Every structure is written in structure tokens, then in C-alpha cells.
Amino acid sequence: MPLARMLRQVAGQMLGSPACGCWMPAPPLRFLGTSPRQIPADASFHSASFSGTDQPRVLITGGLGQLGVGLANFLRKRFGKDSVILSDIRKPPDHIFHSGPFIYSDILDYKNLREIVVNNRITWLFHYSALLSAVGEANVSLARAVNITGLHNVLDVAAEHNLRLFVPSTIGAFGPTSPRNPTPDLCVQRPRTIYGVSKVHAELMGEYYHYRYGLDFRCLRYPGIISADSQPGGGTTDYAVQIFHDAIKSGKFECNLKPSTRLPMMYIDDCLRATLEVMEAPAESLSMRTYNVNAMSFTPEDLTQEVLKHIPEFQITYNVDSVRQAIADSWPMNFDDSNARKDWGWKHDFDLPELVTTMLNFYGSDTRIAQAN
Ligand SMILES: NC(=O)c1ccc[n+]([C@@H]2O[C@H](COP(=O)([O-])OP(=O)(O)OC[C@H]3O[C@@H](n4cnc5c(N)ncnc54)[C@H](O)[C@@H]3O)[C@@H](O)[C@H]2O)c1
Ligand SMILES: C[C@@H](O)[C@H](N)C(=O)O
């Protein structure tokens, strides 16, 4: 039979015929006996079998950034210290190295990644390695390699070894032609940064692997995340972390975005809880594989007003960074996360007042401890 006809026939069997109006989701390609890197996928059952009742064995890539250490601590409380391996290409500080398993892992090295997954019988993978929006624009080829080629390695390893895979996306996966206030889950996505383009690619590839190979891919589009005990890695929303540090240290802050720039934001505790909740959600409750999640939305002006309630002498000045401002102006102002709330019960805890109190308390007590010492 001519190859083209044969492929059409196989595709027809997999997808149903659109013409007959009876489209069915394709069965995972696993059932056809291949997986993305041509390793028979059944081989994976020897190294990592995972039923919903087992405790997961977790690997976090890019774990030394703003979010990874917090995620490791959070998951270790739930699953045990030794069940969660933090990895990165950077050298961990002593307190992180001694807080639980840490391993070197470069996501651009496919064999290294596979070896770690096999040797540690990993069942859940949280893929946090990335170059964020502002640093990505400063080094497009590295961002392309880490965010796109690295993602391909992660997807292949996850599909071959039957992992449940979490990949965070971002408000940055939308662009100036998306509806911005609010931005729904499904709409035009034409971002103008390499970061955004790579995250749309990750969403689409993850969903494709889910439908094609049965990969248990789960993805949340995070807003800008605000954390007290870890520094942001070079994004557009970084000001909303730095402001607290500077407010406590010097009572002054120079903001690199205009006072009226509205962006969706979330406190890290909500972000980590959302991440675990979507990973634990029964597959049948997920009507989609990529969800917006949100908590609050504010401008530098709003944030300043809230900080002033605690530190009346606080002063903010503006020195706008044109690259970051252009990025922020193309991103959502408000995020519609109604599908996450409906499907798996997402609900945030922290609004702006609680966020500001929590952040200032953290830095305040940190400063008091430092002064006492
Ligand atoms: N922080 C936020 O506000 C935010 C918002 C939306 C989405 N996200 C996403 O969450 C994830 C984690 O974000 P973050 O803020 O912790 O990022 P980060 O920039 O702080 O950390 C990223 C980490 O990736 C590591 N990395 C770089 N190249 C690597 C490679 N080749 N192999 C392995 N690791 C490598 C870096 O060393 C770094 O520790 C990212 O995917 C990011 O896109 C973050
Ligand atoms: C929003 C998020 O993806 C990241 N904090 C950035 O600004 O690039």
C-alpha cells in the first residue's frame, strides 16, 4: 500500500474521521509500540511503575532558582525528605545541600537526565529550568536552547519513563493581541519574547505528547510569583519582590516599571499549593492540561499604597527599563482562572494586604535577627 495512504488510514483509525463528525481523542502512541525516541515504551515499566496510591519519587530541574527550593521543602513535608531530589547546574549553598538530596543535572544533557530518572526511580518530574523574560531577551540563543531544546529532552524522558510531568507556563505566554483584561485560558497567544514563545511551545508540545503518547502532562500558567526567602531570576515582575527588601532596608525603592503597570501576581505559598493540587488532581477532573491560575492583580502604585500603610516614610521613584516595560505592556493585566477553580477547586489564600503584611514581616524579622547578631 502506498505510504501516504497507509498513514492516512492509521491516522483515520486513531482520530476518527472528522467528516463523519465522530472525532475521538487519539490513543497514546504507546499502544502502537513506539515512543518519541524510538525506545519501546513498554520498556519503561521495568524502571518506573507508578500507581496513584504510591508515594511519588520526585525530581525538580532548575531547582536552585526562585521557586525550586520552596517547592522541594513543600514536597518533602508531604512525601518525605529523601523522596524529593533537587537538581540544577549551579552549586548549591550549604544549607540547601544539607537539607535533602541534591544532584547535578543539565537538562541539555539527555543521557544525564535519563540516568538520574532511571537510577532514582523517579515518577514525578517538576521541570523548573528556564531563562525568564528579561534575561531571555538578553541572551536569545541560550534561552532557545534551555527553554526549547531542554524541554524536548524532558518531554522525551518523561514519556519514555511513564512520568507525571509538571511544566510551569506563565502570563508571558500571552502577547499584545491577546485579550488582556481578563485573559482567558483559550485565546490568541502571540507573545513577543523568546520566553513567551518557548512557553507556548512547551504548552503545545506537552499537550501533544499527552494526546499522542499518553504522557501525564500538567501545566499551570503562573502569574508573577512573590517570595521572601528566594531571589527572582531576571523577569519582568521582579520589582514586586525587590520592593519589600528595599522598603525594609532603606525605606526607598527605584521601580523599573511605570506606576500604572498592572500585572497578575501570586504569593509563593499559593503557587506551590496550586502546583501540588494540580499534580494530585484525578485525571478525569482535568478538562484541560494547561490552566491559568491567579490570585491578585496590582500596579506598582497599588503596591506602594499598601506598603505605606506599614511604612509611612517609604518613598518610591521610577526609572523605567524600556525592555521590561514593553514586555509588561504586552502581558495580561488580569488573569481569568475560572477553569482551574471549576475543575480542581483552585482557590488562592493571599490577596494584596496579606501579601504585603507577610513579606514585610519576613524581611522585618530577618533584619531584626541580623541586628541582634
Ligand atoms: N518566578 C516567577 O515569577 C515565575 C512565573 C511564571 C512562571 N515561572 C516558571 O517557573 C519556573 C521556575 O522559575 P524560577 O523563577 O525559579 O526561575 P529562575 O530563573 O529563578 O531559576 C531557573 C533555574 O534554571 C537553572 N538552569 C538554567 N539552565 C539550566 C540547564 N541547562 N539545566 C538545568 N538547569 C538550568 C538555573 O540555574 C536556575 O537555577 C520557570 O520555568 C519559570 O518560567 C516562574
Ligand atoms: C511572570 C514570570 O514568568 C517571570 N517572573 C517573568 O517576569 O519573566
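Every number for a ligand or one of its atoms is a count from 1 in the order of the listing. Quick caveat, the model's predicted, so the values are computed rather than measured.
A donor atom on one side chain and an acceptor atom on the other are found under 3.5 Å apart for D343 and Y291. Using a 3.5 Å distance cut-off with no hydrogens or angles, the side chains of S133 and T236 do pair a donor with an acceptor.
Applying the 4.0 Å criterion to heavy atoms of D106 picks out, from ligand 1, the atoms 30 (C), 31 (N), 32 (N). Distances below 4.0 Å separate heavy atoms of S105 from the following atoms of ligand 1: 32 (N), 33 (C).
For ligand 2, one of its N or O atoms has an N or O atom of T237 under 3.5 Å away. In terms of polar-atom proximity, K199 is counted as a contact of ligand 1, with an N or O under 3.5 Å from an N or O of the ligand. For a threshold of 3.5 Å applied to N or O pairs, the pair formed by S133 and ligand 2 contains at least one separation below that value. Considering backbone and side-chain N/O atoms, D238 never comes within less than 3.5 Å of an N/O atom of ligand 2. In terms of N/O distances under 3.5 Å, ligand 1 is approached by L67.
Other residues, nucleotides and ligands contribute more than 12 heavy atoms inside 6.0 Å of the CZ atom of R273. With a 6.0 Å radius and a threshold of 12 heavy atoms from other residues, nucleotides or ligands, K258 has its NZ atom at or below the threshold.
If you look at Y222 next to ligand 2, there are no close heavy atoms at all, none under 4.0 Å.
The shortest distance between side-chain heavy atoms of F335 and S297 does not fall below 4.5 Å. Taking 4.5 Å as the limit, every side-chain heavy atom of F217 sits out of range of all side-chain heavy atoms of M205.
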Decide yes or no on ring pair (Phe, Tyr, Trp, His ring centres under 6.0 Å) for W124 and F79, but give the supporting numbers first.
CA-CA 12 Å; W124 284 15; F79 303 123; 5.6 Å; yes

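The closest protein non-hydrogen atom to atom 7 (O) of ligand 2 is T236 N, 2.7 Å. Looking at atom 39 (O) of ligand 1, its nearest protein heavy atom turns out to be D88 OD2, 2.7 Å.
Assignment of S87 to the shell around ligand 1 is not supported, since no heavy atom sits closer than 4.0 Å. Residue G224 places a heavy atom under 4.0 Å from ligand 1.
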